[in-house]
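Working notes, structure below.
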There are 2 protein chains.
Amino acid sequence: MVSRADAPDAAPPVPVGRGRRGVPGIHDVARLAGVSTATVSRALRGVDRVSAPTRTRVLQAAADLGYVASPSAASLASGRTGVVGVIAPFLSRWFFAHALDGVEGRLREDGLHVLLFNVGTTRSSRSVLLDQQLLRRRVDAVVVLSCDLEPEEVAVLQDLHVPVVTLGVDVTPWHRVGIDDVAAGRTAMQHLLSLGHRDIAYVGGDRVHDVHVATAVDRRAGILQAAEAAGVPAPRELVGDWTLAGGAAAGELLLDAVPRPTAVIAASDEMAVGVLGVARRRGLRVPEDLSVVGVDDHEFAGTHDLTTVAQPVDALGRAAADLLVDVLQQGVAVPRRTVVLPTRLVVRGSTGSLSRTPASPVRAS
Amino acid sequence: MVSRADAPDAAPPVPVGRGRRGVPGIHDVARLAGVSTATVSRALRGVDRVSAPTRTRVLQAAADLGYVASPSAASLASGRTGVVGVIAPFLSRWFFAHALDGVEGRLREDGLHVLLFNVGTTRSSRSVLLDQQLLRRRVDAVVVLSCDLEPEEVAVLQDLHVPVVTLGVDVTPWHRVGIDDVAAGRTAMQHLLSLGHRDIAYVGGDRVHDVHVATAVDRRAGILQAAEAAGVPAPRELVGDWTLAGGAAAGELLLDAVPRPTAVIAASDEMAVGVLGVARRRGLRVPEDLSVVGVDDHEFAGTHDLTTVAQPVDALGRAAADLLVDVLQQGVAVPRRTVVLPTRLVVRGSTGSLSRTPASPVRAS
DNA sequence: TTGAAAGCGTTACCAA
DNA sequence: TTGGTAACGCTTTCAA
């Protein structure tokens with residue numbers, strides 16, 4: 001009924017003990033508690049030496065007044081903002097949404113806020129990071145979510161002179177949290193090799209337009225390692241873009257090839273599902289005619305019965321935030337740190353032993 | 001190699017024209033441009049009357065110095081923060097991730113920042129919203145993403161005295177963006193009725209623990225409308241929780257029922273896919289033995305060949321931000337506004353005519 | 001342990 | 001159109 005706008009700044013005749021903007025200020029608390037503003041500041045932040053009784057009195061006064069310190073004023077005076085900038089190339093993709101969730105949850109535990117920067121993937125959208133100094137003096141630290149940055153972008157962030165933690169990418173000067181992508185690729189490959197597959201294809205990322213090239217490259221390196229160790233020829237590689245559609249496009253090429261590979265590793269579950277879709281449309285049986293492995297353990301991996309190398313994305317997010325909180329508490333000089341979380345092979349129905357009887361109805365459908 | 005921490009505050013001998021913290025301040029720009037700080041402030045913000053030559057000079061000086069106004073100082077002086085708080089019960093679920101994406105993208109176009117508040121769903125996590133006044137003076141406005149709020153939570157937000165826009169829920173005093181959930185339910189139901197289905201079940205939300213009760217209730221209302229209009233008995237309703245697992249749980253109950261319904265409407269695609277999974281495990285053919293409709297048009301709806309009522313979530317997010325930007329520009333008094341975006345039936349393979357020959361192989365698999 | 005007062009770096013009002 | 005200057009509301013140093 002009542003529109004908020006109905007009651008603008010026109011607060012009632014200014015209650016006792018309220019600053020001019022209708023909100024109590026530190027002076028009001030000081031007056032009520034019978035101490036100086038300096039003491040209020042100290043007591044409220046829990047730092048410094050304040051006697052127990054004084055602190056109690058201040059806390060009570062603040063509570064009575066419903067006092068909350070002005071973030072702007074506090075930042076201006078202290079130089080700290082209590083805000084962490086999170087930079088991501090996407091928000092709605094599985095990996096990023098979950099990573100963000102983890103980061104936000106952990107930071108909140110320490111009273112830190114998250115300021116979101118979806119920088120996108122195109123040059124123009126990315127200029128956000130460069131053109132304006134959006135982050136300057138606005139954040140105490142930065143988390144970069146799996147996003148390759150141009151040298152100038154790195155320079156801009158460096159220029160902020162705040163700690164930076166990367167998640168899923170490796171940028172030399174910064175702290176890093178991630179999985180062992182080489183091991184992830186190796187795990188997937190070894191699984192297929194153990195099932196007897198020899199002609200295996202890899203759907204990776206796009207080396208040119210990708211926003212996190214190293215991820216796909218590292219996973220491929222692991223695949224090659226395993227192939228080499230098993231004396232199997234290097235898998236052919238197709239370009240994907242991490243999405244369902246990209247996986248499907250790669251799948252089209254792959255399943256038309258002669259000879260058709262007997263197994264496919266995709267660098268993400270979304271691409272793997274794309275491949276599965278094409279296989280189904282082609283009338284191929286999975287896993288009799290084709291085995292498929294993904295990476296992620298996306299929630300829809302289960303519904304597609306997809307074997308995958310699971311990565312703990314929420315935990316990665318928390319770990320990144322953990323690291324950041326720690327670095328922030330340490331003060332200035334903290335040597336570069338790296339946190340690597342383990343992956344785990346989740347075997348489902350999309351992978352199976354190589355069947356040499358392509359047409360036989362091995363599986364009742 | 002070089003840890004960021006290696007070069008702390010110890011900047012080189014302070015270059016000419018730099019404030020004490022090593023970053024140029026408005027005074028440095030004023031000096032370089034030969035004007036007052038007041039003029040610099042006006043010129044840089046593009047507001048007020050500043051002569052063209054003066055403005056040019058100031059802009060040049062600012063650019064030369066790489067000057068960026070301190071957000072804290074600006075907020076303190078102006079009372080505006082340029083930040084919008086976004087409140088959500090989840091970050092990683094499809095709907096929320098996409099809505100957030102839309103909101104962020106649109107706000108960025110107007111230079112507004114997004115401060116994220118994942119308030120969760122449990123009482124304790126939700127207390128975030130209440131206990132501390134996290135938002136006070138930190139944001140110029142708030143967007144609430146599909147989240148039912150307790151009266152006290154509404155009061156806290158009201159107390160902020162900033163514009164609030166809700167997305168996907170309807171909280172009386174606030175602006176609202178969403179779809180017509182009643183129509184969405186009706187559309188799904190009419191589709192099934194037109195295919196000859198009469199025994200239809202609905203998997204909705206949990207009326208008690210749900211974080212957006214009205215959504216499921218409204219969709220059900222639309223279903224009932226359509227049922228009534230067609231002279232068909234009201235569908236039985238099962239409780240879901242919007243997730244895959246919840247849909248699967250409801251599906252178990254539903255597909256064990258005697259008689260088994262011939263069609264299911266789920267209030268979200270994730271739940272619909274959960275039902276499909278159970279159907280598959282039960283050996284039921286879709287759509288010969290069971291038709292399933294969802295709501296959302298989740299990216300995995302396609303891979304599961306799911307018929308669904310699509311809602312434009314990114315667009316909803318943009319619309320919410322649009323509305324907010326407009327309200328913010330209007331100044332104080334803006335009567336409550338509502339924006340409703342259309343949904344669209346997307347027919348895929350999970351729905352079909354009612355088949356009275358349960359065992360016949362109607363469909364080659 | 002506490003208080004006084006000097007910033008922090010802008011914006012906005014009022015004069016010029 | 002421009003400049004001077006008083007806020008803005010804290011934190012922090014220095015003394016007491």
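Since the structure is predicted, the reported quantities are computational estimates derived from the model, not experimental observations. Numbers restart at 1 for each chain; the letters A, B, ... are given by sequence-line order, proteins then strands.
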side-chain N/O [X] vs [N] OP1/OP2, d < 4.0 Å:
X         : N      : answer
Ser36(B)  : dG3(D) : yes
Arg137(A) : dC8(C) : no
Thr54(A)  : dT1(C) : no

If you look at every strand shown and take non-hydrogen atoms under 4.0 Å, does His27(A) touch a base, only sugar-phosphate, or nothing?
nothing
For residues Ser75(A) and Ser72(A), is any side-chain donor paired with an opposing acceptor at under 3.5 Å?
no
Which distance, rounded to the nearest 0.5 Å, do you find between the [atom1] of [X] and the [atom2] of [Y]?
X         : Y         : atom1 : atom2 : result
Leu116(A) : Leu116(B) : CG    : CG    : 5.5 Å
Leu160(A) : Arg137(A) : CG    : CZ    : 11.0 Å
Ile87(B)  : Leu149(B) : CD1   : CG    : 6.5 Å
Gln330(B) : Leu328(B) : CD    : CG    : 10.0 Å

Separation of [N] [atom2] from [X] [atom1] (nearest whole Å):
X         : N       : atom1 : atom2 : result
Leu44(A)  : dG9(D)  : CG    : C1'   : 13 Å
Ile26(A)  : dG3(C)  : CD1   : P     : 12 Å
Arg138(A) : dT10(C) : CZ    : P     : 13 Å

Does Arg45(B) form a side-chain hydrogen bond (donor to acceptor under 3.5 Å, both in side chains) with Ser41(B)? I'd like the steps, not just the answer.
CA-CA 6 Å; Arg45(B) 281 174 301 143; Ser41(B) 179; 3.0 Å; yes
Could you go through nucleotides 12-16 of chain C and list every protein N or O atom that sits under 3.5 Å from one of its N or O atoms, giving the distance for each pair?
| unit_1 | atom_1 | unit_2 | atom_2 | d |
| --- | --- | --- | --- | --- |
| dA12(C) | OP1 | Arg80(B) | NH2 | 2.6 |
| dA12(C) | OP2 | Arg45(B) | NH1 | 2.8 |

